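Every heavy atom of this structure was used, including side-chain atoms; hydrogens, water molecules and symmetry mates were not. As the structure is a prediction and not an experimental result, all values here were calculated from the model.
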Amino acid sequence: MQANNVLQFVKAVLEQMPESWLTLTTHRLDIYEERLAKTQFLDRLEKLYQTGIVDTKSLDSLPTAYDYIRLGHPLSCVLEWYIASLNNMQADAVISFSSQTMPILAILRKNAMDGVPTRILYTTSLPEAFNVDLLKQVYGYNFEAQQISSLNEISEFNGSTIYIASVQRFAQIEHIDAVDFYLNTNSNLGSTLMVNTADSNSYTSEIQHVRRRESIAMTPENCRIALEQALGQTAASATKNSAETNKAMVLDSIQQITEAATTAVIGSSGLSMQYAIMMGLIHEAQEKHPGKAIKFVVPPNCYGGTNDQARRVAASVANVAVVDLLVDGENDMVQSVDAVLDELAKKDAIPYIIAEIPTNPRVEVPDMAQLRNALSAVRTTASGEKAIDPVFILDQTFCPNLHFLGDDEILSDVRTISYTSGSKFPSGGRCTAGYCVANKKANALMPKIAQHLKLCDNEATALQMEILAAQLPSMNKRIAEAYVNTRDYVNYIQETLPTAKINFVSETLAEEGFTPSVFSLDLPTKGNSVEEKEAHKRSLNLKLINLMITEIPNESKFCVSYGQLKGCYWTIPATSTQGTTKEGDKDYIVRVALSPDLDLELHKKVFNDFVKQNY
C-alpha cells in the first residue's frame, strides 16, 4: 500500500468514526465471532480502504473487533493496521499495549515456558518501570539486557532478540534480520510490538493472550492521539485536569466509599489489578516463606478472566498452583473454604483465596459471619505448628459500595484485599480502570502490590483517572437506583413466568447492603432428554436476547458489561464472561444487568411478549 493513501484513509476514518469508538468499554456480541476477533473487523476495514468509502454509517456497521475494550477495539485495530501497512507486515503481527513493559513480559513468559533464551537490546534506555531483578527473582524469567549504540551492532543470537526504541510517534521502522521483536514505546501513550519471527503465529497468539488477561490494549483515546500524530497533527488530549488533581480526587472517593484505612492502588483494568495482587502476594510469600507451596484458591466457574489468569500464573511461576473452590449452586462457600483451608494447613501451604461476593453469575452471598469464622480459624500443620493464615482476595465488582474493610466490619480480623473492576459502577462503563484496597490486617501487603502494578506499567492512564474522578462521587446513588429497577424487573419476571429460576439476592440480603443490579435467568425448557432440554433452553436464551435488542435497540444491548449509566445489558456467561472456563463449569443462562436509567415498562412489555410467544 502506498503510505500517502494509507494516511489519507486513516485521516478520513478519524473524521468519520462513530462516537462509540471512543466512549464504549463493551461491544455488541450479536455481530461478533470470537474466533475471528480483529480479523473480521480488519477484512471489512480493508474493503472500505480499497473502495475508498469512508463514512460514519459504514464504519458503524463494521463487525465487533473484540467483545471487551481492554482486549482491543476499533481504534487499536486501525492503529495496528496502519503500522503494519507502513512496515509491509500482516496486521496480526502488530499488537498495541497501554503498558510499555507487558509486551516484553509476554515474550519472556512464552520463552521461559519453551526454554528459549531472550536478549533485550536498547539504544537509549529500558522502560522506566522495567525491573530486571524482580522479573528474574519473582517471575522466574531468564534474559540478558544490553545497551547498544546502533542497530548495526546487532549480531545473530540463538534465541529471541527484542529491540526497544523510545519514540515520539509510531511510524516505519528499519528492519534488521537479527531482530525478532520491535517494541516502540511512548511514555504517554503505551507501546506497539511488531512480531518479526519465522513462527510469528505462535508468538502473536501468546502475546495477545497476555494483553487479554494481564494487561490491556492501548486505550481508544491514546490510539486516537497516536494516529493523529502519525498524520502530523497536533493531537489534543481529552484530559482536562492535572493527573495529580484527578488522582487525589479518586483516592479520596475510594476511601469514602470503602472506608478502608489503606490508600488505594489504581490499575488500568480489573484484571491488571488482579495480576498485580497475585504477583505481589507471590513476592511476599517468596520472601516470608521461602520454599513453601503457594496455593491460589479459586472458584472454577467464576468470571473467566479471573479463572484463566490464576491458572496462567500457576503455570508460569514455580511453586504456585490453583486449588478449586466450589462456591455456589449446590455448594456452600463457607463449607468449601473451611475444607480447603484445613487441607492446605496440613500441607503447610500458603493460602490465597480469590472469590466474588456476590458470586457471578449465580449472584449468591455466603453467610458472612460463618465465612469470617472459617477464614480466621487458627489451624495447625501436620507437624502441629501454627499454619499460615489465609489472605482473602475479594472481587467486590458486583457490590463495590459494601463495607468489608473498616475496623469494625465483618472481615476486619481476616487479612483481606478488595478489588473492583472500574469498567462497571466506578466509571459507569466509561473506562476500564480498576482499584484495590486492603484492611489494616493486610496493609503490609499493599506496597508489594503497588510495586508489581508499576513494574507491569499497568497503572491507570490519565484519562481513566479523570473519568473515575468524575464518576465515583455518584456511584453509590447509581447503585441504589439501579437496584430498585432490578428488583422491580425480577419481581415482574417471577409473576409473569413463575417457572423460571431467577438468581438474585433476597430482600433480607438487600437490607444488609447487598444491592447488585444484575441477575441470572434460567428459563424453563422442554424436551424428551437432558440434551434436548439443554438445546431448547440455549435456543430460548438467544430468542429472548434477540427480541430485546431488536425491540429496544436504543437501550437493550447484547453486551457483557454491568454498572453502565444507561440501558440494559444482556449476555450468556458461558459464551462471554466464562469464555475460558472449563465446559462443565459454564453457565448457559441469561445474565441481565440493569442501569439507573432505562424504560423499565417497555422491557417488561417485551419480556411479556417473549413469554406469550414461547410458553
Side-chain angles (χ1 to χ4, degrees), residues 274 277-303 306-307 309-311 313-315 317-360 362 364-396 404-405 409-419 438-445 448 581-582 584-585:
Q274 181 184 279
I277 293 169
M278 292 188 75
M279 296 312 301
L281 291 179
I282 290 170
H283 188 181
E284 176 81 6
Q286 289 174 349
E287 284 188 354
K288 297 288 177 64
H289 309 286
K292 289 192 177 183
I294 300 166
K295 306 291 187 182
F296 281 96
V297 184
V298 183
N301 69 327
C302 69
Y303 166 58
T306 293
N307 210 312
Q309 185 188 102
R311 295 173 199 279
V313 169
V317 182
N319 223 23
V320 177
V322 168
V323 176
D324 285 349
L325 179 73
L326 304 178
V327 299
D328 55 13
E330 297 176 358
N331 303 289
D332 180 79
M333 184 187 291
V334 174
Q335 292 176 5
S336 296
V337 165
D338 212 20
V340 168
L341 289 180
D342 283 349
E343 185 65 25
L344 295 183
K346 291 175 187 174
K347 297 176 180 177
D348 195 18
I350 303 167
Y352 297 136
I353 301 176
I354 302 176
E356 299 164 295
I357 299 179
T359 60
N360 175 21
R362 298 288 174 175
E364 295 182 357
V365 178
D367 183 308
M368 293 303 300
Q370 290 184 19
L371 180 62
R372 174 199 59 206
N373 295 340
L375 289 166
S376 59
V378 177
R379 295 175 171 85
T380 55
T381 66
S383 61
E385 297 178 353
K386 184 180 177 182
I388 299 167
D389 63 312
V391 175
F392 190 55
I393 307 160
L394 172 62
D395 182 346
Q396 213 179 313
F404 288 109
L405 304 176
E409 300 300 339
I410 193 75
L411 295 176
S412 59
D413 292 330
V414 178
R415 288 195 294 169
T416 304
I417 296 166
S418 164
Y419 70 103
N439 62 6
K440 284 183 179 178
K441 205 167 178 71
N443 188 33
L445 302 170
K448 286 280 196 301
T581 304
K582 289 182 292 185
D585 293 320

Student: Please check this pair: side chain of Y352 against backbone of L281, looking for a donor-acceptor N/O pair closer than 3.5 Å.
Tutor: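 Present.
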Student: To the nearest 0.5 Å, what is the distance between CG (N443) and CG (L405)?
Tutor: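 Separation between the atoms: 11.0 Å.
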Student: Determine, stepwise, if the pair V327 / R362 fulfils side chain to side chain contact (heavy atoms under 4.5 Å, CB included).
Tutor: CA-CA 10 Å; V327 299; R362 298 288 174 175; over 6 Å; no
Student: Take atom NZ of K440 as the centre, draw a 6.0 Å sphere, and report whether it contains more than 12 heavy atoms from other residues, nucleotides or ligands.
Tutor: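 12 or below, so no.
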Student: Do N331 side-chain atoms and S336 backbone N/O form a donor-acceptor pair below 3.5 Å?
Tutor: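 No, N331 side chain to S336 backbone: no donor-acceptor pair under 3.5 Å.
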Student: Between A314 and A321, which heavy-atom pair has the shortest distance, and what is it?
Tutor: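 That closest heavy-atom pairing would be CB-CA, 3.9 Å.
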Student: Side chain to side chain contact (heavy atoms under 4.5 Å, CB included) between L341 and L375: does it pass, once the steps are laid out?
Tutor: CA-CA 8 Å; L341 289 180; L375 289 166; 4.2 Å; yes
Student: For the pair I357 and M368, evaluate side chain to side chain contact (heavy atoms under 4.5 Å, CB included) and give the outcome as yes or no after the intermediate values.
Tutor: CA-CA 10 Å; I357 299 179; M368 293 303 300; 4.1 Å; yes
Student: Shortest non-hydrogen contact from S418 to Q396?
Tutor: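 The pair with the smallest heavy-atom distance is OG-OE1, 2.6 Å.
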Student: Report yes if some heavy atom in the side chain of M279 is under 4.5 Å from a heavy atom in the side chain of V317; otherwise report no.
Tutor: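 They are in contact (side-chain heavy atoms under 4.5 Å apart), so the answer is yes.
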Student: Going from CD1 on I277 to CD1 on I417, what distance comes out if it is rounded to the nearest 0.5 angstrom?
Tutor: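 Those atoms lie 5.5 Å apart.
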Student: So, taking the atom named CZ in R372 and the one named CD in E409, what distance separates them when rounded to the nearest 0.5 Å?
Tutor: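 Going from CZ on R372 over to CD on E409, the span is 11.5 Å.
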Student: Look at the side chain of N319 and the backbone N and O of G291, then say whether any donor-acceptor pair between them is shorter than 3.5 Å.
Tutor: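 Yes; judged by distance alone, with no hydrogens or angles, the pair exists.
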Student: Would you compute the distance between atom CG of L371 and atom CD1 of I410 and round it to the nearest 0.5 angstrom?
Tutor: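 Answer for the CG-CD1 pair, L371 versus I410, is 8.5 Å.
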Student: Rounded to the nearest 0.5 Å, what separation is found between the CD atom of E356 and the CD1 atom of I393?
Tutor: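 Here the interatomic distance stands at 12.5 Å.
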Student: Could you state the interatomic distance from CD1 (I388) to NZ (K292), rounded to the nearest 0.5 Å?
Tutor: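 If I round to the nearest 0.5 Å, the distance is 4.0 Å.
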Student: For the residue pair K448 and G280, what are the closest heavy atoms and their distance?
Tutor: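 Distance-wise, the nearest heavy atoms are CB-O, 3.7 Å.
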Student: Salt-bridge test for K441 and D413: reply yes if a basic N is under 4.0 Å from a carboxylate O, no otherwise.
Tutor: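 Not counted as a salt bridge, because no side-chain N and carboxylate O are separated by less than 4.0 Å.
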Student: Is there a donor-acceptor contact under 3.5 Å from the side chain of N439 to the main chain of L411?
Tutor: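 At least one qualifying donor-acceptor pair exists.
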Student: Go through the side-chain N and O atoms of T380 and E385 and say whether any donor and acceptor fall under 3.5 Å apart.
Tutor: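 Checked: T380/E385 side chains show no N/O donor-acceptor pair below 3.5 Å.
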Student: Could you verify whether a donor N or O on one side chain and an acceptor N or O on the other, from T359 and E364, lie under 3.5 Å apart?
Tutor: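 No pair is found: no donor N or O on one side chain lies under 3.5 Å from an acceptor on the other.
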Student: I need the minimum non-hydrogen distance between A349 and K295, along with the two atoms involved.
Tutor: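 Result for this residue pair: CB-CG, 3.8 Å.
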Student: Less than 4.5 Å apart, any side-chain heavy atom of F296 and any of V323?
Tutor: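 Not in contact.
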Student: Where do R415 and F392 land on the side chain to side chain contact (heavy atoms under 4.5 Å, CB included) test, with the steps shown first?
Tutor: CA-CA 6 Å; R415 288 195 294 169; F392 190 55; over 6 Å; no
Student: Short question: side chain of N307, backbone of P299 - any donor-acceptor pair under 3.5 Å?
Tutor: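 Pair found, side chain donor or acceptor close to backbone of P299.
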Student: Is it the case that the side chains of Y419 and Q274 hold a donor-acceptor pair, with the cut-off being a distance below 3.5 Å and no angle test?
Tutor: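 The criterion, which ignores hydrogens and geometry beyond distance, is satisfied for Y419 and Q274.
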Student: Would you call D338 and R379 a salt bridge, using N to O less than 4.0 angstrom?
Tutor: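 Yes, charged N to carboxylate O under 4.0 Å.
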Student: Run through I282, V391, I294 and flag the one making a side-chain contact (heavy atoms from CB on, under 4.5 Å) with I350.
Tutor: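 Exactly one candidate clears the test, I294.
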Student: Answer yes when R311 and D324 have at least one side-chain N-carboxylate O distance shorter than 4.0 Å, and no when they do not.
Tutor: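 Counted as a salt bridge, because a side-chain N and a carboxylate O are separated by less than 4.0 Å.
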Student: So do V337 and L325 actually touch side chain to side chain, heavy atoms under 4.5 Å?
Tutor: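 Touching, per the 4.5 Å side-chain cut-off.
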Student: Between M278 and Q309, which heavy-atom pair has the shortest distance, and what is it?
Tutor: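 Of all heavy-atom pairs spanning M278 and Q309, the closest is SD-OE1, 3.5 Å.
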